[in-house]
Number of protein chains: 4
Amino acid sequence: MIGVAIIGYGYWGPNLVRCFAETDDCRVVAVVDQSPTALASVAKRHPQARLYADWREALADPEVDAVVVATPVSSHYEISLAALQSGRHVLVEKPLTETAAQARHLVEEAEARDLTLLVDHTFIYSPAVTKMKELIGSDDLGQIYYYDSTRINLGLFQRDVNVIWDLAVHDLAILHHVLESPPTAISANGVSHVQGAPENMAHLTVYLENGAVAHLNVNWLAPVKVRQVLIGGSRKMIVWNDLEPSEKIRVYDKGVSVTGDLEEIYASRVSYRSGDMWAPRLATTEPLLTEAAHFIDCIQTRATPITSGRLGLQVVEMLEAATRSMKMRGHPVELSPQRRAS
Amino acid sequence: MIGVAIIGYGYWGPNLVRCFAETDDCRVVAVVDQSPTALASVAKRHPQARLYADWREALADPEVDAVVVATPVSSHYEISLAALQSGRHVLVEKPLTETAAQARHLVEEAEARDLTLLVDHTFIYSPAVTKMKELIGSDDLGQIYYYDSTRINLGLFQRDVNVIWDLAVHDLAILHHVLESPPTAISANGVSHVQGAPENMAHLTVYLENGAVAHLNVNWLAPVKVRQVLIGGSRKMIVWNDLEPSEKIRVYDKGVSVTGDLEEIYASRVSYRSGDMWAPRLATTEPLLTEAAHFIDCIQTRATPITSGRLGLQVVEMLEAATRSMKMRGHPVELSPQRRAS
Amino acid sequence: MIGVAIIGYGYWGPNLVRCFAETDDCRVVAVVDQSPTALASVAKRHPQARLYADWREALADPEVDAVVVATPVSSHYEISLAALQSGRHVLVEKPLTETAAQARHLVEEAEARDLTLLVDHTFIYSPAVTKMKELIGSDDLGQIYYYDSTRINLGLFQRDVNVIWDLAVHDLAILHHVLESPPTAISANGVSHVQGAPENMAHLTVYLENGAVAHLNVNWLAPVKVRQVLIGGSRKMIVWNDLEPSEKIRVYDKGVSVTGDLEEIYASRVSYRSGDMWAPRLATTEPLLTEAAHFIDCIQTRATPITSGRLGLQVVEMLEAATRSMKMRGHPVELSPQRRAS
Amino acid sequence: MIGVAIIGYGYWGPNLVRCFAETDDCRVVAVVDQSPTALASVAKRHPQARLYADWREALADPEVDAVVVATPVSSHYEISLAALQSGRHVLVEKPLTETAAQARHLVEEAEARDLTLLVDHTFIYSPAVTKMKELIGSDDLGQIYYYDSTRINLGLFQRDVNVIWDLAVHDLAILHHVLESPPTAISANGVSHVQGAPENMAHLTVYLENGAVAHLNVNWLAPVKVRQVLIGGSRKMIVWNDLEPSEKIRVYDKGVSVTGDLEEIYASRVSYRSGDMWAPRLATTEPLLTEAAHFIDCIQTRATPITSGRLGLQVVEMLEAATRSMKMRGHPVELSPQRRAS
């Protein structure tokens with residue numbers, strides 16, 4: 001029975017507590033939050049959990065074997081490092097840390113101590129992403145041309161991170177996971193519409209080694225919520241609309257033959273949809289529950305998590321590059337192989 | 001009774017002939033196309049129109065007072081210039097010409113001869129764009145923050161122009177018309193997925209003098225058709241979904257107060273839609289019919305067309321800048337005031 | 001070259017004239033309408049057509065070989081009968097006539113004179129209906145359980161017919177065409193919300209010989225336009241949304257096994273979509289163009305039209321039964337085999 | 001601190017336990033279920049709750065002040081009666097009982113003992129229904145013409161009740177709540193597609209005293225999930241799409257004037273949407289949480305619940321009438337004023 005302590009009971013914390021409370025082979029030993037109100041609501045929902053106002057108390061608790069860090073990004077490094085050094089397995093909210101250097105340190109620390117370090121890129125555990133990776137892996141789409149994401153809504157203006165660190169982070173992890181091709185350069189444009197606040201709207205272009213190009217449109221100041229990703233291949237294309245209740249993934253059996261004679265292509269006006277569409281059935285499992293079980297399993301079997309510290313590091317490197325490019329008004333920032341090798 | 005000759009009976013030509021055939025104070029005197037098949041179908045639908053294989057014959061026809069140029073972009077300049085020099089009023093397909101220099105010449109030629117020169121930026125005459133201009137003009141949206149357009153579908157790969165000249169051209173004309181602020185710089189990224197063909201996917205960022213930023217996502221290789229524009233203001237925001245049958249324009253009475261205390265903004269997590277939504281009734285007039293009537297009216301009253309040659313020139317200048325930036329992988333291209341002044 | 005006269009240039013007439021003007025082996029000889037304005041607009045669009053104010057003039061015109069009747073229902077019988085008796089082939093707007101007796105008379109007249117009688121049930125010629133008939137014919141859906149249609153919008157209040165004759169008429173023709181099972185009884189409820197006007201809202205239940213049940217929801221007083229039909233089978237189900245631009249037909253590979261053990265069915269809570277979905281590509285031909293060509297072809301080959309007079313008669317019989325049931329507040333009206341045999 | 005026992009931990013029970021666990025002034029004292037697996041999962045999520053296999057044990061528990069009955073309909077009467085007779089306040093799943101006689105008995109028992117009896121018609125507590133009642137109450141819609149509901153999906157085939165008792169029950173409660181006009185008669189058609197199982201598809205027509213007509217389309221065997229209600233008034237109309245994430249309620253400022261001259265109405269073809277549309281912002285509170293708090297409040301203040309036993313009785317009377325009509329293939333069943341008075 002693995003004892004878990006959840007640190008941070010703000011926006012995402014309650015979901016983490018609920019999921020670990022429902023996961024086998026573990027129990028929620030403690031919940032940490034500075035706010036008495038937050039702890040009071042924990043007491044009501046999970047009377048058995050011990051309540052701490054300071055995360056150090058949780059690390060001092062002998063029944064705590066693993067720690068879940070759901071605090072603001074700025075504190076991820078300090079808490080996670082202390083947890084690892086005290087011999088605890090760690091699950092950290094995304095993004096892993098504020099800098100790649102910090103992330104690299106955590107990864108090395110976990111590897112040195114043979115402890116599990118999992119970054120909470122929840123989407124990676126969703127049935128939709130799992131299905132997309134399967135379709136792309138089996139070469140159904142042919143050569144991948146592009147990944148085009150629109151991830152916008154009227155969202156929280158965060159003080160410590162800009163919209164790239166809050167929203168684009170999802171796509172950077174997903175495209176790294178499903179396309180399996182390292183990024184070579186990133187170009188980003190962004191704007192802040194609130195004096196003194198971080199950028200709340202940004203557009204990224206990510207160049208991948210295999211020639212594919214990814215484009216991300218992220219915005220905290222949009223009137224509607226959109227969660228749509230297009231993946232274009234030489235044979236088929238995918239539309240992932242995560243807000244669709246039952247058909248999140250749609251596969252269109254239409255692309256354009258790059259080998260075909262140009263004349264042909266010019267000759268016939270291509271209609272805007274000239275093949276069948278297919279929406280595969282998706283599992284209905286809750287991603288966070290799957291992730292929680294995977295975390296416990298990795299601790300028990302010493303397996304490397306799907307969303308490992310190294311994946312988290314990769315993502316932070318891309319976030320750094322994107323932010324740097326944004327300061328240069330879109331000037332591309334190269335990601336050197338050596339840095340990519342991490 | 002103004003005699004009109006339509007030159008080019010390919011994709012768009014039939015619509016132009018139909019609309020002028022239904023417009024008052026004018027009649028379709030002649031239709032020109034090199035293809036006998038095309039002319040045969042004209043003969044069937046419009047037995048009264050004279051048929052020519054060469055546009056020079058139309059200019060030689062004394063009953064032709066105005067010419068509509070619906071040929072490939074590469075021939076716009078030559079035909080339009082000859083028409084103006086022969087004293088004909090001219091309506092040209094968008095984009096006006098292949099280069100800003102050509103466009104400037106046509107504008108000067110028309111002005112020197114006091115002839116009407118109208119560029120067929122059809123969207124400008126749509127009830128949706130008219131309503132957006134009205135809402136923005138009456139300051140309902142407050143300060144405009146951004147214009148974000150997604151204009152994608154599985155479309156014709158054109159040999160002579162890239163996707164920017166085919167699709168982004170619409171947004172460049174629309175944002176110039178509704179935002180009424182000159183562009184100061186353009187950054188563009190683009191890719192071609194068909195060996196030797198022009199770019200079929202591109203992303204543009206247009207910086208406007210009033211501080212607003214426009215972003216355009218255009219793609220000929222998308223599995224689905226999307227025609228969506230978001231306009232974000234400090235007070236309200238607009239979503240224009242041109243594929244919606246009855247509610248193309250939706251106005252959301254929610255923005256973010258830039259004057260408000262940052263703490264406040266950070267304090268409360270903004271929900272992704274926290275106000276009412278309103279979809280104004282739109283007229284159901286056909287844009288091209290409105291444009292045809294406007295062209296005839298301008299000829300009769302000597303008024304300057306809404307989509308004048310100068311607007312068309314502005315658009316071509318932006319298209320040139322975007323294409324140049326694309327060649328530099330997104331490096332921003334400045335639009336000097338002097339050039340903007342044209 | 002078959003000479004065609006279109007009688008009635010109101011709402012639908014212009015489409016009929018346009019389609020016959022574009023159809024091979026025929027030409028629009030004459031257009032008839034009582035309104036000078038209507039005739040003026042014909043003159044502008046189709047200068048070659050002769051214009052008549054009275055349909056008798058068209059029947060007196062020796063160049064008229066076939067007549068298209070697009071007048072109010074109340075005059076269908078008189079005009080069509082006169083046309084047939086003068087040896088003309090006839091295409092009539094739906095519904096064929098006001099009474100089954102009249103319809104039967106027209107059918108007999110046409111058969112006696114070996115003339116083509118086609119009823120304009122346009123939907124039957126749409127790619128969507130063609131695809132549904134193909135899927136059901138090939139037994140992909142298994143046993144058909146039900147046909148459930150919602151056909152509502154804010155529509156014209158017609159003075160001479162109620163909403164059943166205006167909207168349900170489409171479904172009665174379609175279900176007869178695709179399910180190929182005669183109706184045994186009809187029950188209908190309807191209401192009029194405008195004093196003295198015909199019913200503008202109605203719900204029909206049609207019992208078919210093969211055990212399937214059809215339900216139709218038709219309404220002239222709805223705030224939104226809906227054109228959706230569900231067809232449920234033992235193996236698969238179809239959703240036909242005619243307002244969808246590109247995926248009008250969706251096939252869900254899920255039903256419920258009626259042979260299966262009840263316990264099993266009770267045991268597992270069936271999710272609301274537990275199989276893949278598939279949207280077959282549909283042709284993009286215009287139904288009315290297909291119908292016009294089919295009419296000309298039937299005249300030339302003496303073939304029986306898909307939407308023959310007999311189909312039109314069947315539909316009128318159902319409309320009569322539905323209206324009778326509606327007067328009895330839903331009491332089912334039997335359709336005797338003898339009457340069904342017509 | 002009111003002690004609550006939840007009886008039945010099947011499909012809905014877990015939500016009830018979670019909501020009461022989060023509600024003030026009460027605590028979850030006990031959870032009852034025959035299944036050890038169910039109780040095990042309770043133990044994991046709510047370690048503090050006492051677990052019973054038999055509901056009689058819960059009634060024997062002195063710390064239990066109120067009972068929540070979430071068992072199959074067939075046992076509602078026996079358990080609720082015993083609970084009331086033991087002096088417990090009762091919240092029962094809908095429908096209240098299997099027969100109106102049983103419902104009437106429970107209502108009388110609760111009134112005699114001055115105990116709170118609340119029926120879990122959850123939708124009544126949803127922000128959408130609250131807003132609709134507000135709009136209709138303030139006469140924004142004018143005279144109400146109709147209530148038209150489509151409530152279909154691929155759902156559980158229940159052994160003890162037909163689809164009317166499972167799905168139509170929602171609309172019968174909602175329309176009674178928002179339209180505030182007693183039903184005078186009900187006509188229903190239904191079919192079972194699974195040998196020996198209760199009807200899984202049905203269509204109801206409910207005639208209300210104020211002249212409005214309600215129509216309900218319910219189906220357990222539909223390929224897609226639809227939760228849409230149209231309410232038509234003389235001035236405005238509502239579309240309630242409960243699956244919409246952010247704009248569940250849409251108000252269309254368009255109807256048809258019944259006072260207006262018929263000629264006028266006939267003269268102009270009404271477009272299918274000729275006014276503005278407005279989507280009011282809705283609260284985001286969870287209906288079941290609101291209901292739980294309301295139940296506790298009614299116990300404390302002796303107020304009559306919004307979804308009182310009498311409302312529950314009304315609904316059961318309608319369900320009985322609908323089932324009776326269905327057996328008669330749609331023959332309308334009158335609801336006598338005396339019975340409606342209950």
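From a predicted model like this one, the values you see are computed outputs, not experimental measurements.
In terms of heavy-atom pairs under 4.5 angstrom with chain A, the leader among B/Arg250, B/Met201, B/His203 is B/His203. Ranked by heavy-atom pairs shorter than 4.5 Å toward chain A, the options B/Ile231, B/Ile238, B/Val213, B/Asn217 are led by B/Asn217.
Taking CG from B/Leu230 and CG from A/Asn219, the interatomic distance works out to 7.5 Å, rounded to the nearest 0.5 Å.
Under a 3.5 Å cut-off, the side chain of A/Tyr146 and the backbone N or O of B/Leu221 do form a donor-acceptor pair.
The nearest pair of heavy atoms linking A/Met237 to B/Ala222 is SD-C, 3.9 Å.
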Inset, instruction - Using the side chain to side chain contact (heavy atoms under 4.5 Å, CB included) rule, take B/Val191 and A/Tyr207 through it: C-alpha gap first, then chi angles, then the decisive distance, then the call. - result: CA-CA 11 Å; B/Val191 198; A/Tyr207 301 89; 6.0 Å; no

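Shown here are the side-chain contact (heavy atoms from CB on, under 4.5 Å) partners of A/Thr122, two or more places apart in sequence or in another chain: A/Trp12, A/Asp120, A/Pro287, A/Leu288, A/Glu291. Under the side-chain contact (heavy atoms from CB on, under 4.5 Å) criterion, B/Asn241 pairs with B/Gln228, B/Leu243, B/Glu244, not counting sequence neighbours.
For B/Met328, no part lies near chain A; criterion is any non-hydrogen pair under 4.5 Å. Looking at A/Asp148, only its side chain comes within 4.5 Å of chain B, counting heavy atoms on both sides.
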